[in-house]
Number of protein chains: 2
Amino acid sequence: MSKLRSAPTLDDVARMAGVSTATVSRCLNNPDRVVDATRERVLSAVDTLGYTPNFAARVMAAKRTSTIGAIIPTMENAIFARGLQAFQEELHKHGYTLLVSSSAYKPEIEEEQIRTLVARGADGLLLIGHDRDRKIHDDLERRKIPVLVAWSFLPDARVPSVGFDNRAAMFELAHRVIELGHRRIGVISGVSAGNDRARHRIEGIQDAARQNGLLSSDVMMLETPYEIENGAEAFSKLMSQDAPPTAILCGNDVLAVGALHRAREMGLRVPDDVSITGFDDIELARIATPALTTVHVPHREMGRRAALELVGMLENQTQGTGTRLATHIVERQSLGPPAKA
Amino acid sequence: MSKLRSAPTLDDVARMAGVSTATVSRCLNNPDRVVDATRERVLSAVDTLGYTPNFAARVMAAKRTSTIGAIIPTMENAIFARGLQAFQEELHKHGYTLLVSSSAYKPEIEEEQIRTLVARGADGLLLIGHDRDRKIHDDLERRKIPVLVAWSFLPDARVPSVGFDNRAAMFELAHRVIELGHRRIGVISGVSAGNDRARHRIEGIQDAARQNGLLSSDVMMLETPYEIENGAEAFSKLMSQDAPPTAILCGNDVLAVGALHRAREMGLRVPDDVSITGFDDIELARIATPALTTVHVPHREMGRRAALELVGMLENQTQGTGTRLATHIVERQSLGPPAKA
DNA sequence: ATGAAAAATGCAAGCGCTTACATTGCTGCT
DNA sequence: AGCAGCAATGTAAGCGCTTGCATTTTTCAT
């Protein structure tokens, strides 16, 4: 498979322009270190030859790829789409390319992807959430690869993070729900093992329950993978109990939409018969019927900040400080007071 | 000795295992060409050193990346998510890695992404749709990089494709709509310039209209980017005419969900006051209220087939034959007969 | 045992680029 | 005119790996 046979190389360009390869390289990477006349000659050779630098060779020689790797739990729904889009746009402005892969929420896959991205020479890494085998960070540290965590801000974690306080955010929402009069609360959480965001959201709910004098038996919790169908199933289970909850807090919007859908199938009116809330405020939340009350996360801002932070770490060799972003509740139609008993 | 703080290389492993670098390389790439005892020794050195092959170096030496590049129009919604997922799973089985990037439906960005992927050494490329500057294919051909097109099957295009007949699929749906009695049809299409899929879907509608004796003035067409909000806007425009359509065919499910949403906001009942249909059958279509009548596309099958085809082209140096997949209408609640006038 | 074929391993030449250092060619000062 | 000093360009040493070919070791039929 010698497909490269026909691709022109630096040498070809140099020969055609009558200069050394060093000069061609400079034309491409430090144009101002070459005199105008030469540069023009070289660039026109590049043009007529249709030359494109060989990435692998460049990486080998320069020991730097200008590439950032990101591993997100899923690409199947829009949870990370908007933030990642902003991340990549900002990266692009600074001359970096983004490589994305997804871990399907599986730690072992995430680890494999990290290795792949590192082997491919990622100059820096964006990871989601803090929960992770510490050996991974040991290894990354040893290789001196800057890592930034997003979607979860923890002030004194080992790795700097750009994100929000999942616990406080969910606390606020749960508090609001209880304040409306709900006393039996259902929770449909994502799988919390290895997922600090899911865990912190649960804790936020528990904080609010405790603080408002609910018993732990008033809170019915279910964990399930983050998919619409699972939200629906969990909803059924929760509502088929003797004293079903009057409000159901979901770990994210996807789960909430599943719950919403099942509620309709079961002939339950939302929020009259049961309230349902989400988390993330992705587009789906606005579109759902009824529109979802949820926690708004500043996705684009988070992505942009993460990019700036990571680029800063890369170019100044600094440790990175992290940023905590604010979230807020968006009240739409899916949350109301409980029905009068 | 000074390697301690940076990534170990093949040399380090070789030294530690007391063999040559060639042997280490073979252990990693052709394990059976090395005797057991040696292999074990080498692998344990790999392990204790935490060695990971340097991708760029490997590519340079082997002239092959085992990487496939794919450029899809968007990652923001789920249109391509499922198919791409299947594509990558199948690729993985054959030892290939997938690199994805998105073009935002812009030809010039697609072109840039192609160059990037090629520079990065993609062994093969998956592209969406056939519309594309021919120079791009000239260049790819010259570099001998196999290309496969998906999401649109064209039997005698320059490049082999795995997909379905967009025109026929949309024809079938439009025919069904007209058969139900609709005479004034609205169409919310994606932007057709540079997008053969959008264009063929429009043509399918026109075929059906003509064949059923509708006048071209009975079909009101709007083009708009593929986003929910645009679907909503287009819906408003279409319905604010003197004689608004009784059925609206949307170029994809995303647009249709936008239309559905706006209908509700305007107090129109679907399908009693107006019918709305989609295309693609992504999860959103099932979840929407009312559930969307749409054209089912075998996303996973398409992704899988595309992977097999592309791997075949790569490994057998063949041209690729392409595959046409069948679609079918999924009737849910958003389509009904027109209201009695 | 013995030698030839087969299996295992080693040697070393690149792959296409960047970059430290060396060389050449100018500028403008005295 | 002569030369320091700098700008422009060239030279060549790798970067870490794979692989064709050479060499050594093992296997096995005799």
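Each chain gets a letter, A, B and so on, in the order its sequence line appears, and its residues count up from 1.
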Asker: Check the phosphate of C:dG16 against A:Thr9, side-chain N and O only, distance under 4.0 Å to OP1 or OP2. Yes or no?
Answerer: no
Asker: Would you mind reading off the bend of the helix from C:dA1-D:dT30 to C:dT30-D:dA1 from its two end axes, five pairs each, to 10 degrees?
Answerer: 40°
Asker: Taking DNA chain D as the partner, which of residues 24-47 of chain A come within under 4.0 angstrom of it by heavy atom?
Answerer: A:Arg26, A:Arg33, A:Val34, A:Val35, A:Thr38
Asker: How would you list all residue pairs meeting salt bridge (Lys or Arg N to Asp or Glu O under 4.0 Å) that involve residues 20-46 of chain A, not counting sequence neighbours?
Answerer: A:Asp36-A:Arg39
Asker: Could you tell me which residues satisfy salt bridge (charged side-chain N to carboxylate O under 4.0 Å, His left out) with B:Arg304, sequence neighbours excluded, listed by chain and number?
Answerer: B:Glu301
Asker: Under the side chain to side chain donor-acceptor pair (under 3.5 Å) test, which residues partner A:His94, sequence neighbours left out?
Answerer: A:Glu90
Asker: Nearest to the side chain of B:Leu10, heavy atoms from C-beta on, is which of D:dC17, C:dC17, C:dT19?
Answerer: D:dC17
Asker: Does any part of the side chain of A:Arg120, heavy atoms only, come nearer than 4.5 Å to the side chain of A:Thr116, both counted from C-beta?
Answerer: yes
Asker: May I ask you to verify if any side-chain N or O of A:Thr23 is less than 4.0 angstrom from the OP1 or OP2 atom of D:dG10?
Answerer: yes
Asker: Measure all distances between protein nitrogen or oxygen atoms and nitrogen or oxygen atoms of nucleotides 13-15 of chain D, and list the pairs falling under 3.5 Å.
Answerer:
unit_1: D:dC15; atom_1: O2; unit_2: A:Met60; atom_2: O; d: 3.3
unit_1: D:dC15; atom_1: O2; unit_2: A:Ala61; atom_2: N; d: 3.3

Asker: May I have the list of side-chain donor-acceptor pairs in residues 53-60 of chain B shorter than 3.5 Å, sequence neighbours left out?
Answerer:
unit_1: B:Asn54; atom_1: OD1; unit_2: B:Ala56; atom_2: N; d: 2.9
unit_1: B:Asn54; atom_1: OD1; unit_2: B:Ala57; atom_2: N; d: 2.9
unit_1: B:Arg58; atom_1: NH2; unit_2: B:Asn29; atom_2: OD1; d: 3.3

Asker: Enumerate donor-acceptor pairs with a distance under 3.5 Å from any side-chain N or O in residues 313-321 of chain A to protein atoms, sequence neighbours excluded.
Answerer:
unit_1: A:Glu315; atom_1: OE2; unit_2: A:Tyr96; atom_2: OH; d: 2.9
unit_1: A:Asn316; atom_1: ND2; unit_2: A:Gly312; atom_2: O; d: 3.2

Asker: Is a side-chain donor-acceptor pair under 3.5 Å present for B:Thr21 with B:Asp11?
Answerer: no
Asker: Ring pair (Phe, Tyr, Trp, His ring centres under 6.0 Å): which pairs involve residues 98-134 of chain B, sequence neighbours left out?
Answerer: B:Tyr105-B:Tyr226
Asker: Would you indicate what A:Val59 reaches in the nucleic acid, counting non-hydrogen atoms under 4.0 angstrom: base, sugar-phosphate, or nothing?
Answerer: nothing
Asker: Distance check needed: D:dT18 P versus B:Asp11 CG, whole Å only.
Answerer: 12 Å
Asker: Mind checking salt bridge (charged side-chain N to carboxylate O under 4.0 Å, His left out) for A:Asp131 and listing every partner two or more places apart, or none if nothing turns up?
Answerer: A:Arg199
Asker: Less than 3.5 Å apart, which donor and acceptor atoms pair up between the side chains of residues 73-82 of chain A and the rest of the protein, not counting sequence neighbours?
Answerer:
unit_1: A:Thr74; atom_1: OG1; unit_2: A:Glu76; atom_2: N; d: 2.9
unit_1: A:Asn77; atom_1: OD1; unit_2: A:Ile79; atom_2: N; d: 3.1

Asker: Applying salt bridge (charged side-chain N to carboxylate O under 4.0 Å, His left out), can you list everything that pairs with B:Glu110, at least two apart in sequence or on another chain?
Answerer: B:Arg132
Asker: Ignoring the backbone of A:Tyr51, work out which of C:dC11, C:dT18, C:dC17 is nearest its side chain.
Answerer: C:dC17
